[in-house]
Amino acid sequence: MIKIDVDERKWKKIKEEHSEWYCKKIFPKVKKAFEELKKLYEDKFSDYQELERYVEMLKKIVAEEKEFVIKEELFLDYKINEIEKLRNLMQKVGKKKSVLEVCFEKLNISEEYLPNQLFCYEKLQNGNKDWGRHKLLSLMKIEVCPYCQRNYISSYEENNDNKPEENNDKKTTATLDHFYPKADYPFLALSLYNFIPSCYVCNTVFKNGKEVQIYPYEEGFDELGVKFRISGKVINEILGEKNSDFSVKIDCKNIEDKEKKDKVENSIRNLGLDRVYKKSHNQYIQDLLYTIEKYPENYLEACGEMFENDNNKKKQLEEYFKDIVKEPYRKRIENGEPLAKLTKDILEEFNIKI
């Protein structure tokens, strides 16, 4: 997992456009719902704690106006125990209705005032060229999945023969994961800092609504001290040009705090990172180690006769060639390309400076 770099220059425009869209398309209905439900609560249903709690939440949201969906503090000023109460109020258990839905049904209140209707993600997902999921993701310019750092989540243009090239629609291969699932926290379904651009495998195949506790806007594996590791004997086998069977492990031993370690291990498990890294990139690792450590040596042996009596030139060529073969991996790490952290950690494990 990698920390999402929130570049203020890019995110200023994203925040402006997202909050403007919310203010025009969503907020008026939220405000109306608050006013109507507040009146119902005060006039008829003041004995219903569920309605009171929901009205109080809407009051906080309305007070934030267009800022609500771009706040980094997703849960306003709620304490942890209060957040849990909100989740219990709005969460559906299996196919059953939520506590709030049952309350609405009992009091004959319109479903249009439920949070999943007010903060309807489909309105963003199916948005137009002015604002929607694809445009949001394109502006974020996050090109590698922050969860796994294995897959590109690139933007592309949907060509339309009837439009000038500059007006073609931007599309993206990314999915938009809700870090706090919208099924449990429907009022966060449109909140910018609840959106994690991610690949299909992470979001749908593995996470699929399960809890991930490492929040990519705050930290990633580097910040937590998590490393990718393989067996120390592997490099000798690879450089000896033997077939080497090994597994990649995600090492959390540097995390001393038990609660934090449990959080990391839970996130790794629910995203399937331990499984997808275990064997999937063995050939890449073998090529990496062989290319950097063995290939320059083989090349220099072939060139040795050219500098048979000039050790200085031979040494210069050796250093120069080693630097050449390292450059693609150096760029991969610097640019945060897929497998960048795996590359960096494996090289560090074998004390290969790049």
Side-chain angles (χ1 to χ4, degrees), residues 17-71 73-128 130-136 176-195 208-209:
E17 295 215 24
H18 190 54
S19 62
E20 183 178 345
W21 171 83
Y22 168 78
C23 200
K24 288 180 179 177
K25 301 292 185 181
I26 307 296
F27 180 71
K29 190 174 177 181
V30 175
K31 187 176 180 181
K32 178 186 175 185
F34 165 65
E35 291 169 349
E36 292 287 336
L37 293 176
K38 180 174 179 288
K39 189 173 187 305
L40 282 173
Y41 172 72
E42 292 174 345
D43 291 351
K44 296 182 180 180
F45 307 125
S46 57
D47 291 335
Y48 287 85
Q49 190 179 46
E50 304 94 325
L51 185 58
E52 178 188 20
R53 191 169 292 146
Y54 184 47
V55 168
E56 182 60 31
M57 186 196 76
L58 290 178
K59 179 181 178 181
K60 292 174 183 285
I61 291 172
V62 168
E64 294 288 340
E65 296 188 10
K66 67 178 183 179
E67 299 296 313
F68 172 67
V69 292
I70 58 171
K71 285 177 70 72
E73 175 49 64
L74 294 174
F75 291 100
L76 304 166
D77 59 352
Y78 281 110
K79 303 295 187 292
I80 291 177
N81 64 320
E82 295 171 330
I83 294 169
E84 185 63 19
K85 287 178 181 177
L86 282 177
R87 187 179 74 88
N88 292 337
L89 179 68
M90 300 179 190
Q91 179 189 40
K92 291 184 179 181
V93 181
K95 295 183 178 180
K96 295 181 180 179
K97 294 183 178 180
S98 69
V99 172
L100 189 62
E101 285 176 313
V102 172
C103 177
F104 268 46
E105 194 174 78
K106 184 176 181 179
L107 303 180
N108 199 27
I109 298 174
S110 173
E111 290 184 353
E112 67 177 327
Y113 294 151
L114 287 167
N116 63 321
Q117 297 295 320
L118 294 178
F119 304 94
C120 182
Y121 175 65
E122 284 70 25
K123 291 183 179 179
L124 180 70
Q125 188 175 34
N126 303 325
N128 56 29
D130 294 323
W131 195 248
R133 183 179 73 88
H134 284 294
K135 186 169 184 181
L136 168 63
L176 199 54
D177 177 48
H178 288 78
F179 184 80
Y180 296 100
K182 59 182 182 292
D184 297 344
Y185 305 93
F187 60 98
L188 297 179
L190 299 173
S191 292
L192 183 61
Y193 285 91
N194 195 32
F195 294 152
N208 197 21

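Just so we're clear, the structure is a prediction, and the values are computed from it rather than from any experiment.
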Participant: If you round to the nearest 0.5 Å, how far is CG of Asp47 from CD of Glu52?
Facilitator: 10.0 Å
Participant: Are Glu64 and Lys71 close enough that some pair of their side-chain heavy atoms sits under 4.5 Å apart?
Facilitator: yes
Participant: Can you find a heavy atom in the side chain of Val69 that is under 4.5 Å from one in the side chain of Phe119?
Facilitator: no
Participant: Could you tell me whether the side chain of Tyr54 reaches within less than 4.5 Å of the side chain of Met90, counting heavy atoms only?
Facilitator: yes
Participant: State which residues pass ring pair (Phe, Tyr, Trp, His ring centres under 6.0 Å) with Tyr113; sequence neighbours excluded, sorted by chain then number.
Facilitator: none
Participant: Lys97 vs Lys92, test: side chain to side chain contact (heavy atoms under 4.5 Å, CB included). Steps then yes/no.
Facilitator: CA-CA 5 Å; Lys97 294 183 178 180; Lys92 291 184 179 181; 5.9 Å; no
Participant: For Ser98, check side-chain hydrogen bond (donor to acceptor under 3.5 Å, both in side chains) against everything at least two apart and list the hits.
Facilitator: Glu101
Participant: Quick one: CG on Leu107 to CD on Glu105, what's the gap to the nearest 0.5 Å?
Facilitator: 10.5 Å
Participant: Kindly write out the residues that satisfy ring pair (Phe, Tyr, Trp, His ring centres under 6.0 Å) with Phe27, not counting sequence neighbours, or none if the list is empty.
Facilitator: none
Participant: Does Glu65 have any salt bridge (Lys or Arg N to Asp or Glu O under 4.0 Å) partners at least two apart in sequence or in another chain, and if so, which?
Facilitator: none
Participant: Suppose we screen for side-chain hydrogen bond (donor to acceptor under 3.5 Å, both in side chains). Which residues come up paired with Asp184, at least two apart in sequence or across chains?
Facilitator: Gln91
Participant: Check whether any side-chain heavy atom of Ile109 lies under 4.5 Å from a side-chain heavy atom of Leu114, and answer yes or no.
Facilitator: no
Participant: Can you sort out the partners of Glu56 under salt bridge (Lys or Arg N to Asp or Glu O under 4.0 Å), two or more places apart, ordered by chain and number?
Facilitator: none
Participant: Less than 4.5 Å apart, side chain to side chain, heavy atoms only: is that true for Arg53 and Leu86?
Facilitator: yes
Participant: Check whether any side-chain heavy atom of Lys59 sits under 4.5 Å from a side-chain heavy atom of Val55, and report yes or no.
Facilitator: no
Participant: Supply the atom-to-atom distance Arg133 CZ to Tyr121 OH, rounded to the nearest 0.5 angstrom.
Facilitator: 5.5 Å
Participant: Return all side-chain donor-acceptor pairs below 3.5 angstrom for residues 185-194, not counting sequence neighbours, or 'none' if the list is empty.
Facilitator:
| unit_1 | atom_1 | unit_2 | atom_2 | d |
| --- | --- | --- | --- | --- |
| Tyr193 | OH | Lys15 | NZ | 3.3 |
| Asn194 | OD1 | Phe179 | N | 3.3 |
| Asn194 | OD1 | Tyr180 | N | 2.7 |
| Asn194 | ND2 | Tyr180 | O | 3.0 |
| Asn194 | ND2 | Leu188 | O | 3.2 |

Participant: Output the distance between atom CD1 (Ile70) and atom CD (Glu17), rounded to the nearest 0.5 Å.
Facilitator: 12.0 Å
Participant: Going by the rule salt bridge (Lys or Arg N to Asp or Glu O under 4.0 Å), which residues pair with Glu82 if we only count those two or more places apart in sequence or in a different chain?
Facilitator: none
Participant: When rounded to the nearest 0.5 angstrom, what distance separates CG in Leu124 from NE2 in His134?
Facilitator: 10.5 Å
Participant: With a 6.0 Å cut-off (strictly less than), is the heavy-atom count around CD of Gln49, excluding the residue itself, greater than 12?
Facilitator: no
Participant: Not counting sequence neighbours, list each pair that qualifies as a salt bridge (charged side-chain N to carboxylate O under 4.0 Å, His left out) and has a residue in residues 111-123.
Facilitator: none
Participant: For residues 28-42, dump all side-chain donor-acceptor pairs below 3.5 Å to protein atoms at least two apart in sequence or in another chain.
Facilitator:
| unit_1 | atom_1 | unit_2 | atom_2 | d |
| --- | --- | --- | --- | --- |
| Lys38 | NZ | Glu42 | OE2 | 3.0 |
| Lys39 | NZ | Asp43 | OD2 | 3.0 |
| Tyr41 | OH | Ser46 | O | 3.4 |

Participant: Nearest 0.5 Å, please: how far is CG in Leu136 from CG in Leu176?
Facilitator: 6.0 Å
Participant: What is the minimum heavy-atom distance between Glu50 and Leu89, and which atoms define it?
Facilitator: CB-CD1, 3.6 Å
Participant: Check the pair Lys66 / Glu20 against salt bridge (Lys or Arg N to Asp or Glu O under 4.0 Å), numbers first and verdict last.
Facilitator: CA-CA 7 Å; Lys66 67 178 183 179; Glu20 183 178 345; over 6 Å; no
Participant: Run the salt bridge (Lys or Arg N to Asp or Glu O under 4.0 Å) test against Asp77 and tell me which residues pass, sequence neighbours left out.
Facilitator: Lys60
Participant: Trp131: what forms a side-chain hydrogen bond (donor to acceptor under 3.5 Å, both in side chains) with it, not counting sequence neighbours?
Facilitator: His18
